[in-house]
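One-based numbering, in listed order, for ligands and for the atoms of each. Every value quoted in this text rests on a predicted model; they were computed, and no experiment measured them.
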Amino acid sequence: MSFQGAGNRLKTPVGDQNSSKTFRVLPRDEHPISRRMLSENALKVLYRLNKAGFEAYLVGGCVRDSLLGQVPKDFDVATSATPEEVRTLFRNARIIGRRFRIVHVRFGREIIEVTTFRGRPNEEHDNNLAHQSEQGLLLRDNVWGSIDEDAIRRDFTVNALYYNIADFSIHDWTGGLDDLEHRLLRLIGDPDVRYREDPVRMLRAIRFAAKLDFDIEAATEAPIKEQASLLLQIPPARLFEEVLKLFLTGYGVDTFRGLHRYGLFAMLFPETDEAFSSLPWAERLIEQALINTDIRIRNDKPVTPAFLYAALLWPAVQLRAHELEQEGMPAVPAHQQASQQVISRQLQHTSIPKRFSFPMRDIWELQLRLPRRKGKRAFQTREHPRFRAAYDFLLLRESAGEIPPGIGDWWTQFQEVSEEMKREMTLHIDDADEHDSTSAKKPRKRRRRRLPSS
Ligand code: ATP
Ligand code: MG
């Protein structure tokens with residue numbers, strides 16, 4: 001792909017931090033985006049806004065991904081119309097968000113996100129429109145502006161490319177086309193300031209680098225490790241949504257490795273991160289869960305946050321359960337208590353809606369039941385609504401080396417054979433097999449080596 005030499009260089013854009021960048025327009029015949037590649041509903045929105053006299057562009061991931069030859073996940077529109085003006089144009093529109101007001105225009109299952117151009121707030125604006133904490137965190141950003149102001153308030157240059165419905169050209173205010181060509185993720189403006197405004201941009205950097213297979217430009221990368229802890233300021237509900245984007249959109253394992261490398265994973269899942277140093281299987285378990293998830297997504301199979309969270313928090317649960325068992329508590333209550341504690345501490349970082357935390361706990365509880373297969377037990381466990389997920393989870397634990405293989409195979413076979421064979425299978429189980437193998441392998445003791453006597 002080359003946009004080199006193409007496009008008109010018109011004028012220097014507004015915005016001090018990027019004044020070295022030149023505004024660039026790629027006319028329709030110099031880029032590969034055709035209307036056939038775009039969502040019909042997004043086009044409808046653009047045309048109607050434009051007809052009503054407003055500026056209307058596609059922006060963000062849909063332009064970026066289309067230029068890269070990938071299929072966009074969703075379509076975002078940027079416009080000069082205010083949210084109220086957008087709403088009067090579409091019956092199916094709803095204004096959402098307080099921190100960042102946008103309009104959702106719904107067409108059946110597809111939602112087109114329509115965002116009014118953001119401008120730079122000044123002292124005269126009151127807190128209802130724009131508001132920043134003393135540390136620089138953007139608490140509200142609802143000051144309207146022009147497209148060039150909007151461009152420099154976006155996160156990465158490759159996310160600030162605008163497709164103009166008026167003449168099908170692409171507008172680039174921040175050097176995004178160059179960066180796209182060089183496969184570089186570059187924050188617009190001063191990275192330090194931009195991460196402080198919104199620390200979630202650090203997570204987005206890692207996610208896009210993994211998804212697009214881009215490098216993170218040096219200045220954009222530099223502050224991440226040091227600023228990672230800023231994520232602790234972000235409301236848990238927003239981080240929950242972000243975690244789903246990080247791990248359930250097809251590039252989970254690469255994203256996890258990136259997050260781990262930059263110390264960001266520890267800000268999302270601190271207890272799991274702690275468990276990595278004492279449980280040798282823990283990191284493998286999460287990687288394997290994400291590898292499986294990525295494959296399922298590639299094959300259009302459903303994935304659930306409950307299973308993802310079950311894996312992400314399991315090392316913390318096992319570590320805590322083991323501690324409680326060492327204090328003398330029997331395995332089952334130790335597990336229940338450990339689960340509860342881990343969940344309640346996790347909620348301070350990312351929320352977990354009940355519709356996911358309940359099945360997650362079922363998956364965990366079933367781990368204690370799956371080894372117990374004698375008599376009727378196997379049949380009862382097989383009937384549990386969460387059996388299939390729990391069985392998959394058991395296989396995951398075996399493949400990560402947390403527990404020795406064996407019980408997983410038994411269950412695989414159990415599901416395949418006739419009723420009579422099933423009964424037969426439940427008769428031949430050693431008592432020893434009924435218990436041990438699903439409890440946590442003892443954490444590695446950090447044994448201090450004795451110094452050789454001199
Ligand atoms: P994808 O939808 O593929 O995950 P995207 O780039 O479209 O990627 P969205 O979250 O849909 O990401 O956001 C749309 C656009 O809004 C982004 O491309 C970017 O221009 C802008 N944006 C989103 N989040 C932020 C943020 N935290 N700070 C600044 N700009 C943002
Ligand atoms: Mg998007």
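The closest approach between a heavy atom of Lys211 and any atom of ligand 1 is below 4.0 Å. Taking 4.0 Å as the cut-off, Val200 does not count as a neighbour of ligand 1 on heavy-atom distance. Using a 4.0 Å cutoff on heavy atoms, Phe208 counts as a contact of ligand 1.
In terms of distance to the Mg ion (ligand 2), the nearest N, O or S atom of Asp74 is named OD1.
For the residue pair Gln346/Thr350, the side-chain donor-acceptor check at 3.5 Å is satisfied. Judged by distance alone, the side chains of Asn142 and Arg99 never bring a donor and an acceptor atom under 3.5 Å apart.
Here the side chain of Glu30 pairs no donor or acceptor atom with the backbone of Pro27 at under 3.5 angstrom. Side-chain N or O atoms of Trp364 include one that pairs as donor or acceptor with a backbone N or O of Ala310 at under 3.5 Å. The closest donor-acceptor contact from the side chain of Arg120 to the backbone of Val143 lies at 3.5 Å or more, if one exists at all.
The atoms of ligand 1 that sit less than 4.0 Å from any heavy atom of Gly60 are 18 (O). For ligand 1, the atoms sitting less than 4.0 Å from at least one non-hydrogen atom of Lys73 are 1 (P), 2 (O), 3 (O), 4 (O), numbered in the order shown with element in parentheses.
When hydrogens are left out, the protein atom nearest atom 4 (O) of ligand 1 is Arg207 NH1, 2.9 Å; that is the closest non-hydrogen contact. The nearest heavy-atom contact from the protein to atom 21 (C) of ligand 1 is Arg154 NH1, 3.4 Å. The protein heavy atom nearest to atom 5 (P) of ligand 1 is Gly61 N, 3.6 Å. In terms of protein heavy atoms, atom 12 (O) of ligand 1 is closest to Arg204 NH2, 3.2 Å. The shortest contact between atom 29 (C) of ligand 1 and any protein heavy atom is with Asp155 N, 3.3 Å. The shortest contact between atom 14 (C) of ligand 1 and any protein heavy atom is with Asp76 OD2, 3.2 Å. Nearest non-hydrogen protein atom to atom 6 (O) of ligand 1 is Arg64 NH1, 3.0 Å. Considering only non-hydrogen protein atoms, atom 28 (N) of ligand 1 sits nearest to Arg201 NE, 2.8 Å.
Taking the centre and axis of the six-membered ring of Phe156, the NZ or CZ atom of Arg204 falls outside the cone set by 45° and 6.0 Å. In this structure, Arg118 is positioned above the aromatic face of Phe100, its NZ or CZ under 6.0 Å from the six-membered ring centre and within 45° of the axis.
The aromatic rings of His335 and Trp314 are tilted relative to each other, their planes meeting at an angle between 30° and 60°. Relative orientation of the Phe276 and His260 rings is perpendicular, given thresholds of 30° and 60° on the angle between their planes.
Using a 4.0 Å cut-off between heavy atoms, Asp198 contacts ligand 1 through its side chain alone, with no backbone atom that close. The side chain of Asp74, and not its backbone, has at least one atom closer than 4.0 Å to an atom of ligand 1 (non-hydrogen atoms only; side chain from C-beta on). Of the heavy atoms in Arg153, only backbone atoms (N, CA, C, O) come closer than 4.0 Å to ligand 1.
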Report the C-alpha separation of Asp148 and Ser146 in whole Å, then their side-chain angles, then the decisive distance to 0.1 Å, and conclude whether the side-chain hydrogen bond (donor to acceptor under 3.5 Å, both in side chains) test is met. CA-CA 6 Å; Asp148 52 315; Ser146 54; 2.6 Å; yes
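Looking at Phe307 and Thr293, their side chains never come closer than 4.5 Å, going by heavy atoms from C-beta outward.
Within the coordination shell of the Mg ion (ligand 2), defined by N, O or S atoms under 2.8 Å, Asp76 is present.
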